[in-house]
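Here is the structure we will look at.
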Protein chains: 4
Amino acid sequence: MRADARRNRERILAAAEVVFTEKGPSASTEDVAATAGVAIGTVFRHFPTKQALLQAIMKDLLHRLTGETSRLATEGDPATALFTFISHTVEQAAQQRGVVDLLAESGVDVQVAESVRALRHGVDELLARSRAAGAVREDVGVDEVIALLTAICQGALRAGWGRDLRHRTVAIILDGLRPPAHRLASEQRPAAQ
Amino acid sequence: MRADARRNRERILAAAEVVFTEKGPSASTEDVAATAGVAIGTVFRHFPTKQALLQAIMKDLLHRLTGETSRLATEGDPATALFTFISHTVEQAAQQRGVVDLLAESGVDVQVAESVRALRHGVDELLARSRAAGAVREDVGVDEVIALLTAICQGALRAGWGRDLRHRTVAIILDGLRPPAHRLASEQRPAAQ
Amino acid sequence: MRADARRNRERILAAAEVVFTEKGPSASTEDVAATAGVAIGTVFRHFPTKQALLQAIMKDLLHRLTGETSRLATEGDPATALFTFISHTVEQAAQQRGVVDLLAESGVDVQVAESVRALRHGVDELLARSRAAGAVREDVGVDEVIALLTAICQGALRAGWGRDLRHRTVAIILDGLRPPAHRLASEQRPAAQ
Amino acid sequence: MRADARRNRERILAAAEVVFTEKGPSASTEDVAATAGVAIGTVFRHFPTKQALLQAIMKDLLHRLTGETSRLATEGDPATALFTFISHTVEQAAQQRGVVDLLAESGVDVQVAESVRALRHGVDELLARSRAAGAVREDVGVDEVIALLTAICQGALRAGWGRDLRHRTVAIILDGLRPPAHRLASEQRPAAQ
DNA sequence: AATGAATGAGAATTCATTCAT
DNA sequence: AATGAATGAATTCTCATTCAT
């Protein structure tokens with residue numbers, strides 16, 4: 001691929017994230033093209049279908065998240081790595097409405113399945129370490145963690161939760177994951193508004 | 001309003017719930033009309049805009065939920081009423097894809113604000129009672145509860161969580177709401193699959 | 001169907017015949033709409049697909065032709081009915097470029113198959129009578145007749161044969177269909193230009 | 001022109017014949033390029049327009065046919081040369097859908113006029129010889145012959161006539177060209193299926 | 001009030017053609 | 001000369017909404 005082509009591909013992906021974040025997944029491809037400063041044909045040359053474009057964004061996102069799980073797994077404190085990951089992700093999501101929309105919306109077909117698997121694997125590792133460190137209940141599985149994470153990200157975005165609400169909501173969930181002995185006392189929780 | 005007009009209004013609302021539940025919020029108004037067995041013009045006579053139709057469904061849903069909070073507030077065990085409400089709602093949501101989609105999708109503008117307020121009030125009451133009974137932490141507010149409820153409903157629908165995953169996810173949240181002394185031991189939680 | 005709807009349907013069909021006749025089957029649906037004096041949506045309401053529109057025209061044409069076979073079978077001279085039919089059809093075709101284009105072009109699928117069968121039946125009847133009258137060779141079948149007819153119509157249209165050429169070409173074919181005893185002498189044939 | 005340029009020109013022409021034969025004249029130029037194994041720009045460097053490419057193919061075809069007329073004129077039996085030519089051409093056409101499509105489709109404008117003239121000349125020669133040998137009626141002209149040939153080729157292709165139907169159809173036409181004394185008896189004609 | 005036909009502004013996608021590399 | 005990326009007009013089809021019957 002030529003240099004200019006790759007550059008355009010990046011610009012389109014970036015534009016798509018912005019546009020879909022602002023207007024939801026039903027924003028038009030035309031809009032993405034305009035934002036990227038390219039002609040509509042260029043978008044379709046790089047992503048032959050709107051679906052393909054959406055999936056590309058998803059893959060990107062999933063890849064970035066998976067990257068963070070690896071980083072935390074090696075560098076972070078095992079006891080808190082999972083909690084950090086969840087908190088970070090929710091915060092980031094707050095800036096990425098459309099992307100997460102897609103995560104749910106569009107048929108998460110074979111194309112992205114692999115990326116999803118990769119992320120699941122990364123989260124599972126964090127979970128295992130936290131469990132080993134006694135920071136997470138024994139009876140909690142990856143599926144619940146990912147389910148909660150997804151749900152909270154969606155909620156944060158769609159309903160446009162503010163920072164405070166986000167923090168308090170996440171706090172409740174993190175506490176729900178902890179074994180009784182590790183639960184936070186009231187004064188350690190984010191204060192209600 | 002004539003009797004047959006009122007009857008049509010009901011049929012349209014019912015049809016809309018079915019159609020949007022099955023096909024998501026981008027299902028066409030024509031589809032709703034066909035399901036309701038009326039002509040497209042009739043739908044627009046009752047609901048001047050697709051948005052208006054969506055909002056009407058939301059109001060309906062919110063109204064029903066608010067009704068359940070009242071019922072539980074008077075009849076239920078104060079200690080468990082809130083938890084019952086959350087569990088029930090999530091289960092119901094699993095059968096109502098489109099409706100909850102809308103809850104998020106369409107800007108929850110002025111039109112439904114009042115219904116939302118009513119629900120919030122109902123939930124607040126349940127929360128107060130649960131708190132008074134010592135079943136919920138002191139530092140948990142209505143906003144978090146509603147936020148979590150919404151997020152979980154969305155997640156359950158969009159991602160199509162199965163019954164088990166739903167239960168385990170809800171269990172984590174409920175535990176996060178409990179004061180340390182009331183937390184459930186592992187064996188009281190739904191078992192992982 | 002309402003009166004105005006039926007009127008529009010007719011106008012669209014008529015416009016489509018004109019447009020496709022002039023510009024070939026790749027003329028745009030938009031063009032048909034403009035010629036018919038309706039909005040594009042109206043065309044698609046009546047014919048949900050471009051294919052459907054093309055097929056509707058074909059059916060119309062086939063139906064008209066079948067009608068002529070019936071008329072000739074009852075009213076015409078058995079000895080010449082088939083020849084009259086062929087000559088007439090070719091002449092008409094000369095005014096109907098696009099229509100015949102379609103006859104070939106677009107997948108003659110199930111939709112039109114029945115109409116084709118009807119025409120085949122009508123032609124078969126004419127052929128049987130001519131054969132019985134000794135005006136057509138015993139070894140000629142319907143398939144050849146229809147094949148020749150189609151081919152000549154196409155040729156006449158596409159290549160824009162003039163009247164004379166059309167007549168002389170048809171004359172050769174008709175002679176090919178005759179038993180030796182009935183062949184026309186030179187002076188009975190259309191003169192070369 | 002460079003050697004590799006000439007080689008590319010040939011490859012493009014060959015690819016175009018294949019592609020248009022398989023997918024009809026509306027096949028994309030990209031498709032031709034891909035089949036030829038060159039970039040799209042190269043196609044347009046050699047043929048500045050899709051039309052130009054189509055015309056080039058036509059010229060090629062016409063040239064080959066003209067070649068066959070010459071061969072038959074010198075080598076063949078004068079009495080049957082024309083008939084052989086017609087039969088051969090129809091058979092070949094059956095393998096060349098797209099090409100003949102084009103023959104009709106694209107306005108046979110000035111560009112190819114010369115090639116057409118050449119073919120006409122060749123056919124005329126065959127016709128003259130057959131006439132001289134008494135194998136073709138005196139009142140048949142080149143135009144009719146070419147008209148019939150074109151029509152049958154088109155028909156054979158578009159409608160996808162099978163071998164049998166092709167033969168019987170051609171037989172009728174050839175008989176129509178013969179003077180009465182030379183007509184074939186039933187048993188000499190291809191049998192109906 | 002109900003009907004359902006008409007409208008027309010998009011939306012996704014294709015493709016001939018141009019042009020920078 | 002070749003490459004292949006970019007362009008953008010055109011095309012088919014959808015759907016919310018209006019309006020004549």
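Below, all heavy atoms of this structure are taken into account, side chains as well, without hydrogens, waters or symmetry copies.
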Within this structure, what is the [atom1]-to-[atom2] distance between [X] and [N], rounded to whole angstrom?
X	N	atom1	atom2	result
C/Phe20	F/dT12	CZ	C1'	12 Å
B/Ile12	E/dA1	CD1	P	12 Å
D/Leu53	E/dC15	CG	C1'	14 Å
D/Phe44	E/dC19	CZ	C1'	13 Å
B/Arg7	E/dA2	CZ	C1'	13 Å
C/Leu54	F/dT12	CG	C1'	12 Å
B/Arg9	E/dA2	CZ	P	12 Å
B/His46	F/dT17	NE2	P	16 Å

Heavy-atom check, side chain of A/Phe47 versus side chain of A/Arg9, under 4.5 Å: yes
Choose from [options] the nucleotide whose nearest atom is closest to any side-chain atom of [X].
X	options	answer
C/Arg2	F/dT3, F/dA20, F/dT17	F/dA20
C/Lys50	E/dA2, F/dT12, E/dT14	F/dT12
A/Ile40	E/dT13, F/dT3, F/dA6	E/dT13

Upstream residue (5' side of DNA chain E) when A/Ala27 and A/Asp4 are each assigned their closest nucleotide: A/Ala27
Toward the 5' end of DNA chain E, by each residue's nearest nucleotide, D/Pro48 or C/Glu30: C/Glu30
Full working for side-chain contact (heavy atoms from CB on, under 4.5 Å) between C/Leu53 and C/Phe44: CA-CA 9 Å; C/Leu53 177 55; C/Phe44 278 93; over 6 Å; no
Does a nitrogen or oxygen in the side chain of [X] sit under 4.0 Å from OP1 or OP2 of [N]?
X	N	result
B/Asn8	E/dA2	yes
A/Arg45	F/dA6	no
D/Thr42	F/dT3	yes
D/Thr29	E/dA16	yes

Donor-acceptor under 3.5 Å (D/Thr49 side chain, D/Ala52 main chain): no
Derivation of the side-chain contact (heavy atoms from CB on, under 4.5 Å) call for C/Gln55 and C/Lys59: CA-CA 6 Å; C/Gln55 290 181 337; C/Lys59 277 195 192 170; 5.6 Å; no
Side-chain ion pair, C/Glu30 and C/Lys50, N-O less than 4.0 Å: no
Nucleotide opposite E/dA20 in a Watson-Crick or G-U pair, distances under 3.5 Å: F/dT3
Verdict with supporting geometry, D/Leu13 and D/Glu17, side-chain contact (heavy atoms from CB on, under 4.5 Å): CA-CA 6 Å; D/Leu13 268 179; D/Glu17 258 196 53; over 6 Å; no
5'-most by nearest nucleotide on DNA chain F - D/Arg6 or B/Thr49: D/Arg6
5'-most by nearest nucleotide on DNA chain F - A/Val38 or D/Val38: D/Val38
Sugar-phosphate only, base, or nothing, as touched by D/Ser28 at under 4.0 Å among non-hydrogen atoms: sugar-phosphate
